[in-house]
Every structure is written in C-alpha cells, then in structure tokens.
Amino acid sequence: MTQVRTRFAPSPTGMMHLGNARAGLFSWAYARHHGGQFILRIEDTDLERSTEAAIKVILDSMAWLGLDYDEGPIRQTARLDRYRAVLDEMLADGRAYKCYASREELEALREEQRARGLKPRYDGRWRPENAQGKAIPEGVKPVIRFRNPDNGDVSWTDLVKGEISISNTELDDLVIARADFVPTYNFAVVVDDLDMAITHVVRGDDHVNNTPRQINIYRALKAPVPQFAHLPTILGPDGEKLSKRHGAVSVMQYPADGYLPEALFNYLARLGWSHGDAEKFPREKFLEWFDLAQVSRSAAQFDQAKLAWLNHEYIKEADNDRLAGLVAPLIEALGGKLEGAPDLARVVALVKDRAHTLHDIANAALLFYANGKADPALLAQHVTDAVKPALATLREKLGAVAWEKPAIAAAVKETLTQHGLKMPQLAMPVRALVAGQTQTPSLDAVLELFGRERVLSALGTSL
RNA sequence: GUCCCCUUCGUCUAGAGGCCUAGGACAUUACCCUUUCACGGUAAGUACGCGGGUUCGAAUCCCGCAGGGGACGCCA
C-alpha cells in the first residue's frame with residue numbers, strides 16, 4: 001500500500017473553533033498512526049473573506065495543540081495558474097463549459113423550481129448542445145461549469161459513515177470557476193488533493209454532499225479517487241451547531257482560559273472517538289490506537305465540565321516549574337507581587353491538586369503574593385481574647401523550632417494540648433493573621449512557605 | 001420542498017444476535033475522610049426514540065414512522 005497522506009484544509013475566513021481543530025486532529029492522527037504524511041493547506045480562494053489574521057490563528061492553534069505538518073502551509077491562491085491550466089484542458093474537450101447566465105437569471109430559476117417543490121438545480125441551458133446558435137449576452141463575464149454526468153449513481157465507502165450513494169440526477173453542473181477565473185472550492189479541492197497525492201480525505205461531514213460532485217470531477221480528470229472519511233459535527237454545550245454567534249470559541253481562547261494543551265488534545269480526541277473505556281491517555285497512546293473505524297457516526301456535544309476534569313487531571317501531574325511559568329503572569333494580573341515572596345513552584349505544588357484551570361491555581365496562590373491584610377471584621381471574629389494566650393504560646397514555640405513542616409505541625413499540636421483547644425479554634429485565627437483569609441491549604445504547609453519572619457511578625461500584631 | 005446522513009444514561013461513549021437484570025467516564029446526589037475551602041474515597045439514581053417484522057432469542061438484522069443534522073451559492 002502506498003504511503004498515507006492526509007491534509008487539513010481550513011479556510012481562513014473566521015475563527016478556528018473546536019470543530020475545525022478536531023477535524024485537523026483526526027486527520028493528523030490518521031497520518032501519524034500510519035506513518036504517513038500530513039499537509040496543511042490554506043483554502044483562501046474566497047478572496048473577499050480570507051484574512052491574514054485568520055491564517056495566523058490557524059497556525060497558532062495547531063502549534064499550541066502540537067499538530068505538526070510535513071508540508072505547507074500551502075495557499076490555494078499561490079496555485080491559481082495550475083487551476084487555470086486544468087480548467088483550459090477541460091474547456092477544450094467539453095468536460096467543462098462557459099455559462100453566461102446572470103446571477104439574477106439563476107436566482108429566478110431557483111425560485112421557480114422551489115415554488116414547484118423541486119430541488120433547485122441548474123438546468124444546463126449553456127451546455128454546448130443547448131447553446132448552439134444562442135447569442136452571447138453583452139457584457140456578461142461567463143463562469144465555468146463542470147459538465148456533470150446525467151445518469152448513474154455516485155457511491156463510495158466512507159471510512160466513518162459506511163456506504164453512501166447518490167444519484168447523478170440529484171446533481172447539476174456546478175460552477176468550478178468564477179467570472180474572474182478563480183476556482184471555487186469543489187474544484188480547487190480536487191485539483192489540490194490530486195496534486196498533493198492525498199490518499200485519505202478526512203474532513204467534517206458538512207462535506208458529505210459535496211463528495212459525489214468531487215468524485216465526478218476526479219473521474220473527469222481520469223484520476224484515482226481518494227478514500228473519504230466524514231467526521232460528525234461537534235455541537236456547542238447547548239446542542240446547537242458551533243457558529244460565531246452561538247457559543248463557538250476560538251481554540252486560542254483555551255490557553256487564555258487556563259487550559260493545558262494536553263487536556264484539550266485529550267478531550268478533543270475522545271469526543272466522538274473511543275478506545276474501549278480509555279478516558280485519559282497521552283498523545284502517544286492516541287496515535288497508537290487511533291483508527292477511523294472507532295469514530296462515532298453521530299454528532300457530539302461539547303461538555304465543558306469534562307474538559308475541566310481532564311484539565312484538572314493534567315494539572316495534577318504537570319511539572320511545577322512549567323506551571324509556575326504559566327501562572328506567574330496570571331498572579332501579577334491579579335495584583336500579586338512575586339518578588340521577595342515564597343517560591344512559586346513550591347506554592348503551585350501545594351495548591352494545584354484542587355485546581356481545574358491555571359486561573360484556579362493563580363487565585364489559590366495569590367494569598368502568598370498579596371499584602372495579606374485581613375479584613376478587620378474577620379480578625380475580630382477569629383482573634384478573640386480567648387485565643388490570644390494560645391497565639392502567644394505558638395509564636396514563642398515557632399520562634400525556636402526548626403522551620404520545616406513536621407516541626408511546625410508539632411508546635412501547633414503542643415500549643416493545642418497546652419491550651420485545651422481544638423484545631424480549628426487555633427488554625428482559623430492564625431490563618432486570618434498570617435494569610436489574611438481563612439480558606440487556605442493545610443496550616444503547617446502554609447506557614448512553612450510564608451517563612452518564619454513573616455509568620456512571627458503577623459502573630460505579633462495580635463498581641 | 002428535494003436529496004443525503006444520524007438516533008444507547010443530562011453529556012461523551014462501550015456494545016458488531018445470547019457474556020446486557022446494558023459497562024465505563026464526566027456531571028448530579030448521599031455518605032466517609034478532614035484543620036477551613038478543596039482534593040480524595042465509597043455508594044446511588046438515570047439510557048437502548050416509536051411501531052412493526054425476522055429469530056428459540058434483538059440495543060445489535062430488516063421495514064416504516066418520528067425527531068435531529070447537513071446539502072441544494074460565482075462560501076468553504
């Protein structure tokens with residue numbers, strides 16, 4: 001069997017959302033699983049709507065998710081000469097022809113067909129045999145249409161959906177080049193996939209209906225038809241299709257929201273694909289297991305909560321220095337000051353188990369980097385006259401003890417016994433005094449990280 | 001409207017005729033742990049869209065219906 005070659009071919013006309021990313025991920029994974037090649041192609045033939053900014057977002061998103069490509073990015077606009085050459089060949093022998101019907105004329109035709117309950121289709125009025133002797137209208141720049149076969153069926157075995165068959169009578173002569181000679185999607189995609197020797201076209205299932213038209217073009221070009229795999233749609237959290245105004249979020253929003261790339265990668269991989277009961281798996285396992293046959297055939301709804309759970313799982317096992325680097329700017333954005341404060345990697349190690357996003361880590365870590373001044377009401381509530389003697393005892397013990405968690409814990413315990421108190425009775429006021437809040441990780445760990453100097457001085461203010 | 005595709009717990013899914021009184025995960029609820037908030041642990045509830053077949057036996061095969069999605073552009 002020849003080398004597997006797949007591609008991801010987004011159009012830079014909007015944002016790169018999860019649906020696009022998932023299509024890229026599966027296409028990439030299929031190539032990698034088979035030791036093949038993966039090509040990135042930018043479908044920018046829609047000159048009106050394509051933007052450089054959108055191309056950058058595509059490249060950034062792929063880099064963040066770790067989807068590497070062997071060739072590209074190849075822009076369709078760089079290949080216009082090639083499309084024109086193919087167009088000329090097809091025009092020369094009647095596989096394609098010029099159509100002078102105006103947009104208004106076509107719109108009227110569609111209206112009329114719809115009114116009669118028919119599927120709107122071009123009626124072939126400028127096919128060579130129908131155009132005999134017909135006057136070419138003044139000032140109309142023609143489009144080029146593909147001469148679709150009139151009879152028979154087009155069928156293929158979709159690697160995800162199975163057998164699909166459509167009658168040629170359902171199809172019409174589609175426009176393959178606009179009046180300005182720029183090819184349309186259905187034509188450019190065929191020429192490209194052909195020239196780039198794509199063996200497996202893995203894409204969203206909104207293209208299922210385009211596939212028979214494309215197969216007809218492959219045949220007209222006497223070219224081998226690749227295998228097709230149509231991935232089910234990803235729906236938003238509300239079950240609606242992802243779209244700009246309906247909850248579609250750019251892939252690059254996820255790093256901004258504090259998600260790790262391995263978490264989104266894993267989530268996307270598992271959405272609409274499964275390998276037995278496997279839920280959490282590294283990319284190596286995914287590449288080893290991935291197969292189109294396990295892709296589900298129905299649309300899948302995005303679930304924020306499950307992504308958050310995976311992110312939590314990956315945060316727990318992530319390297320502390322790496323997390324510290326990611327979280328540092330977030331803490332500063334919250335007004336925290338990193339200089340002269342406890343080492344961030346150690347703080348991260350203490351708080352990351354409870355975090356679902358990097359922002360959760362930043363918020364939990366902030367107490368070590370804020371000014372630590374407690375609300376007077378909070379102090380009044382916890383630092384009562386009844387506990388002050390105990391606080392004094394604790395301060396004295398902590399002044400003498402080795403500054404390590406076990407010794408600090410022992411000092412706390414002794415103080416408790418000595419004053420006949422329960423843990424919360426002492427821990428709460430200490431937290432309020434030292435950290436400025438009563439919700440913190442375990443007391444001994446917090447005190448250790450704050451350092452003796454800060455702890456003694458904070459306890460001193462209460463006496 | 002016409003054509004194409006899809007349909008298992010709230011969500012993602014396992015399931016390819018008997019292993020299914022339908023399994024896992026997230027979420028939910030309860031309990032446990034506990035030094036607050038969490039984390040963690042244990043447990044529970046919840047699903048084969050509907051109707052007909054085929055078969056000794058159907059979530060699994062066939063037909064119909066309903067619902068959902070997609071396409072019908074000089075967008076991709």
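Convention: sequence-line order gives letters A, B, ...; per-chain numbering from 1.
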*Asks:* I'd like to know if the side chain of A:T184 pairs up with that of A:N186 as donor and acceptor (distance under 3.5 Å, no hydrogens or angles considered).
*Replies:* no

*Asks:* Would you kindly give the CZ-to-P distance between A:R114 and B:rC3, to the nearest whole Å?
*Replies:* 15 Å

*Asks:* Decide yes or no, distance alone: a donor-acceptor N/O pair under 3.5 angstrom between the base of B:rG70 and the side-chain of A:N209.
*Replies:* yes

*Asks:* Want to settle it: does A:P183 or A:S165 sit nearer the 5' end of RNA chain B, counting the closest nucleotide to each?
*Replies:* A:S165

*Asks:* For B:rC3 and B:rC61, measure between their C1' atoms and round to the nearest Å.
*Replies:* 26 Å

*Asks:* In whole Å, measure the gap between the C1' atoms of B:rU7 and B:rA59 for me.
*Replies:* 12 Å

*Asks:* Can A:D192 and A:Y83 be counted as having a side-chain donor-acceptor contact under 3.5 angstrom?
*Replies:* yes

*Asks:* More than 12 foreign heavy atoms under 6.0 Å from CZ of A:R283: is that the case here?
*Replies:* yes

*Asks:* Measure from CG on A:L174 to P on B:rG73 and round the result to the nearest Å.
*Replies:* 10 Å

*Asks:* Hey, which sits more toward the 5' end of RNA chain B by its nearest nucleotide, A:K316 or A:D172?
*Replies:* A:K316

*Asks:* What is the pairing partner of B:rA14, taking Watson-Crick or G-U wobble pairs with both distances under 3.5 Å in any strand?
*Replies:* none

*Asks:* Please confirm whether the backbone N or O of A:R7 pairs with a side-chain atom of A:R203, one donor and one acceptor, at under 3.5 Å?
*Replies:* no

*Asks:* In whole angstrom, give me the gap between the P atoms of B:rG10 and B:rA22.
*Replies:* 15 Å

*Asks:* What integer number of Å spans the C1' atoms of B:rC20 and B:rC63?
*Replies:* 25 Å

*Asks:* For A:L350 and B:rC37, what is the distance between atoms CG and P respectively, to the nearest whole Å?
*Replies:* 16 Å

*Asks:* Starting from C1' on B:rA76, measure out to CG on A:N20 and report it in whole angstrom.
*Replies:* 10 Å

*Asks:* Using only side-chain N and O atoms of A:R110, determine if any of them is under 4.0 Å from OP1 or OP2 of B:rG73.
*Replies:* yes

*Asks:* How about A:Y185 and A:N210: does a side-chain donor come under 3.5 Å of a side-chain acceptor?
*Replies:* no

*Asks:* Say we look at B:rC39 and B:rC26: how far apart would their P atoms be, to the nearest angstrom?
*Replies:* 13 Å

*Asks:* Side chains of A:D206 and A:T233: do they bring a donor and an acceptor to under 3.5 Å?
*Replies:* no

*Asks:* Checking A:T169 against A:R121: is there a side-chain donor and acceptor pair closer than 3.5 Å?
*Replies:* no

*Asks:* With rounding to the closest Å, how many angstrom separate the P atoms on B:rA66 and B:rG23?
*Replies:* 33 Å

*Asks:* Using the P atoms only, state how far B:rG67 lies from B:rA58, rounded to an integer number of Å.
*Replies:* 28 Å

*Asks:* Which letter, B, S or -, goes with each nucleotide of nucleotides 6-18 of chain B from 5' to 3', with contact meaning a protein heavy atom under 4.0 Å?
*Replies:* SS---SBSS----

*Asks:* Using atom P of each nucleotide, how far apart are B:rU21 and B:rU29 to the nearest Å?
*Replies:* 31 Å

